[in-house]
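Here is the structure we will look at, set down as structure tokens.
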Protein chains: 2
Amino acid sequence: MLSLHQLRCFLTVYELGSLTAAADELGYAQPSISEQIRSLEKSIGLQLFRRVGRGVVPTTVADTLRPHAEATIAAAEEALRAVQRVKAFETGTIRFGMFGSARLYVSATLVTDVLERYPGVRVEIIGLNSSEVLEDLRRGRIEAALIAAPPTNEGLEVLPVARDELVYVSMDPERTATPVTARRLAEAQLVMADTSYRATDSMRLALRKMLHEAGHNPQTRIEVEDVETAIELTGRGLADTVVHRGAATELVPRLAPGATWTVLRPRQYETFAIVHRVNATLSPAAQLMIELAVARIRAVAEPIR
Amino acid sequence: MLSLHQLRCFLTVYELGSLTAAADELGYAQPSISEQIRSLEKSIGLQLFRRVGRGVVPTTVADTLRPHAEATIAAAEEALRAVQRVKAFETGTIRFGMFGSARLYVSATLVTDVLERYPGVRVEIIGLNSSEVLEDLRRGRIEAALIAAPPTNEGLEVLPVARDELVYVSMDPERTATPVTARRLAEAQLVMADTSYRATDSMRLALRKMLHEAGHNPQTRIEVEDVETAIELTGRGLADTVVHRGAATELVPRLAPGATWTVLRPRQYETFAIVHRVNATLSPAAQLMIELAVARIRAVAEPIR
DNA sequence: CGAAAGCATAGGTTCTCCCTAGGGCAAGTC
DNA sequence: GACTTGCCCTAGGGAGAACCTATGCTTTCG
């Protein structure tokens with residue numbers, strides 16, 4: 001079987017015209033080089049060097065092989081360099097999951113942070129829709145993610161890093177003059193985001209629990225996919241909505257100018273957490289993303305611990 | 001240390017997404033593949049696959065490595081193909097030595113023969129001057145040669161294949177009307193070729209012996225390097241010359257029109273022989289050249305045995 | 001919850017790599 | 001022409017790599 005080591009020995013011998021010299025050059029004993037050359041000759045079925053008195057002389061076969069051997073060695077070294085560059089974050093792709101409204105807080109700035117420190121890398125933020133993130137985590141296609149809705153999913157390790165309060169958004173200033181109670185919430189016309197995941201969305205669960213405790217049943221008038229859409233509809237006065245404070249700060253001025261918001265009573269919080277598979281040893285890239293994402297979200301939300 | 005085997009395993013695992021499947025594909029047991037991947041990961045210092053429940057998933061490092069690994073494997077395979085083509089004479093260079101007047105007989109047609117059978121090869125006929133051939137043989141830079149002056153050189157094996165008669169060439173038809181005796185030869189004004197090798201040239205030795213036996217001393221008027229020059233000077237009537245019949249047939253009509261030739265008395269012969277180092281195992285290329293050269297020279301000269 | 005699939009580990013065998021020691025041949029030297 | 005030197009080869013042995021079978025553990029699927 002052909003090996004890189006054989007090719008390296010071959011090239012050195014070809015260059016120096018001597019097994020002994022090649023052995024010195026490569027730091028081996030002469031019989032070792034001899035053996036490598038012999039095994040290479042055997043594996044191609046042709047003589048590469050003519051043993052002639054003192055020294056060896058390359059055959060025309062060796063002339064033919066030489067450039068290819070050099071190309072092969074070069075390709076192998078280039079392969080090593082490529083992964084070393086990835087190791088040093090000089091290049092390569094870094095993938096990170098981000099799910100729910102978390103992206104509103106950190107996605108853009110996180111990418112900026114990474115690119116600033118490692119200009120060569122390619123950054124992929126996976127999961128503008130939530131199910132993908134969990135599936136990708138479960139399937140191992142991404143190592144870690146920052147999510148806003150801690151699932152009790154088995155096999156996933158969850159590290160809360162910050163929390164953000166839920167706020168009630170409306171175009172009617174009267175409705176946001178005072179904190180919104182469970183009763184008022186139950187009576188409101190609401191537009192809620194993340195339709196597809198209403199069964200597992202932690203915000204929904206929190207609101208449902210709050211209403212239940214007050215003896216009410218949750219009722220939403222409109223269901224949409226995006227937080228953006230929910231806020232935009234609120235801006236048109238069609239309904240009110242409940243979102244994270246961060247989302248409100250970020251989106252209301254742009255999508256629902258004139259809308260105001262207030263907290264709930266009792267106050268409700270959503271936790272942001274880093275999630276990854278249990279027992280996973282995280283890659284440097286993943287650790288970097290986690291570090292930056294945590295720093296960013298702690299700057300804009302309320303840090304936990 | 002990086003190895004081609006590791007890269008092959010890596011690519012198969014990457015493609016199939018499974019160690020077990022890769023093991024089946026490559027014909028190994030699963031733990032062997034596992035070990036190869038692990039050692040590759042260790043040698044680059046980065047994880048290539050995330051072990052996730054059922055199967056493995058490539059990391060971004062693996063994505064980076066893959067094209068380089070493919071390029072390296074491809075280069076290695078191309079190297080093998082290249083030498084296999086040489087093996088089959090589909091390409092590559094074939095070197096052969098040819099020395100003395102032998103080239104007049106076979107050099108051009110020999111090249112034609114080779115190119116006809118193996119259109120892809122490059123043919124090099126080494127040694128239009130004689131010393132190079134022996135030196136190249138001695139140094140091992142060529143494996144074999146066809147020569148016209150069998151040297152008693154130690155370390156070289158000589159296989160006579162044909163002989164050619166020496167003829168006396170002159171512009172004076174009277175001098176070639178009858179075979180030339182030693183006495184007439186001693187009296188003639190001669191131009192002789194291969195000056196540089198007069199001490200070892202077998203034709204010189206043969207003539208000298210012939211003259212000595214008749215009690216004469218050899219005396220040459222003009223010494224030149226080339227047979228061509230000798231014949232050309234003969235054509236101008238400046239002197240007569242002694243050359244192989246083959247050289248006369250080939251060159252006299254072109255270089256000395258009007259000149260005629262006759263044999264010597266007693267008749268003198270020059271032997272053509274294949275020469276190579278003793279105990280040398282000849283390459284297929286060398287054997288081919290020998291075979292063709294022998295066939296050719298036996299067609300135009302008088303075969304021995 | 002049991003069965004199946006897939007990776008990791010353990011232990012042992014075989015093969016490869018590399019070493020040292022010594023033989024043989026060719027080239028250069030006295 | 002014998003001697004020395006340089007260089008390759010062979011032989012034999014030890015360390016490590018590669019590979020195998022058997023088995024255990026985790027995840028996934030019915």
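Just so we're on the same page: letters track the sequence lines, and every chain starts at 1. Keep in mind the model is a prediction, meaning the values are calculated, not measured.
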Flag side-chain contact, heavy atom, 4.5 Å: F272(B) against P160(B):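 Not touching, per the 4.5 Å side-chain cut-off.
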I290(A) side chain reached by L282(A) side chain, heavy atoms, under 4.5 Å: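 Side chain of L282(A) against side chain of I290(A), heavy atoms only: contact under 4.5 Å found.
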So, [X] side chain and [Y] main chain: donor-acceptor pair closer than 3.5 Å or not?
{"X": "E143(A)", "Y": "S283(A)", "value": "yes"}
{"X": "T93(B)", "Y": "T60(A)", "value": "no"}
{"X": "T64(B)", "Y": "G92(A)", "value": "no"}

Between [N] atom [atom2] and [X] atom [atom1], what is the distance in whole Å?
{"X": "L40(A)", "N": "dT16(C)", "atom1": "CG", "atom2": "P", "result": "15 Å"}
{"X": "F49(A)", "N": "dC7(D)", "atom1": "CZ", "atom2": "C1'", "result": "15 Å"}
{"X": "I37(B)", "N": "dG6(C)", "atom1": "CD1", "atom2": "P", "result": "16 Å"}
{"X": "R50(B)", "N": "dC7(C)", "atom1": "CZ", "atom2": "C1'", "result": "16 Å"}
{"X": "Q47(A)", "N": "dC8(D)", "atom1": "CD", "atom2": "P", "result": "14 Å"}

Per-nucleotide protein contact string for nucleotides 18-24 of chain D, where B marks a base within reach and S marks sugar-phosphate only (heavy atoms under 4.0 Å, - for neither): BBBBB--
State plainly whether the residues [X] and [Y] are in salt-bridge range, i.e. N to O under 4.0 Å.
{"X": "R95(B)", "Y": "D63(A)", "answer": "yes"}
{"X": "E41(B)", "Y": "K87(A)", "answer": "no"}
{"X": "R8(B)", "Y": "E77(B)", "answer": "no"}
{"X": "R85(B)", "Y": "E78(B)", "answer": "yes"}
{"X": "E270(B)", "Y": "R163(B)", "answer": "no"}

Strand contacts (DNA chain D) in residues 55-66 of chain A, 4.0 angstrom heavy-atom criterion: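 Output list: G55(A), V56(A).
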Selection residues 36-87 of chain A - residue pairs positive for ring-ring contact (aromatic ring centres under 6.0 Å, His included), sequence neighbours left out: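 Passing the test, one end in residues 36-87 of chain A: F10(A)-F49(A).
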Interface residues of residues 9-20 of chain B with DNA chain C (non-hydrogen, below 4.0 angstrom):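 The stretch gives S18(B), L19(B), T20(B) as the residues lying under 4.0 Å from the strand, ordered by number.
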R51(B) side chain near dA8(C) phosphate (N/O to OP1/OP2, under 4.0 Å):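 Answer is yes, contact under 4.0 Å.
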Any S34(A) side-chain N or O less than 4.0 Å from OP1/OP2 of dC9(D):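 Affirmative; the distance criterion is met.
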Taking only distance into account, with no hydrogens and no angle test, what donor-acceptor pairs under 3.5 Å do side-chain atoms of residues 15-34 of chain A form with protein atoms, sequence neighbours excluded?
unit_1, atom_1, unit_2, atom_2, d
S18(A), OG, T20(A), N, 3.3
S18(A), OG, A21(A), N, 2.9
S34(A), OG, R38(A), NH2, 3.0

Short side-chain donor-acceptor distance under 3.5 Å, Q6(A) and S39(A):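 On atom types as modelled, these side chains qualify, holding a pair under 3.5 Å.
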Please tabulate, one pair per line, each protein N/O and nucleotide N/O from nucleotides 28-30 of chain D that are separated by under 3.5 Å, including the distance.
unit_1, atom_1, unit_2, atom_2, d
dT28(D), O2, R54(B), NH2, 3.2

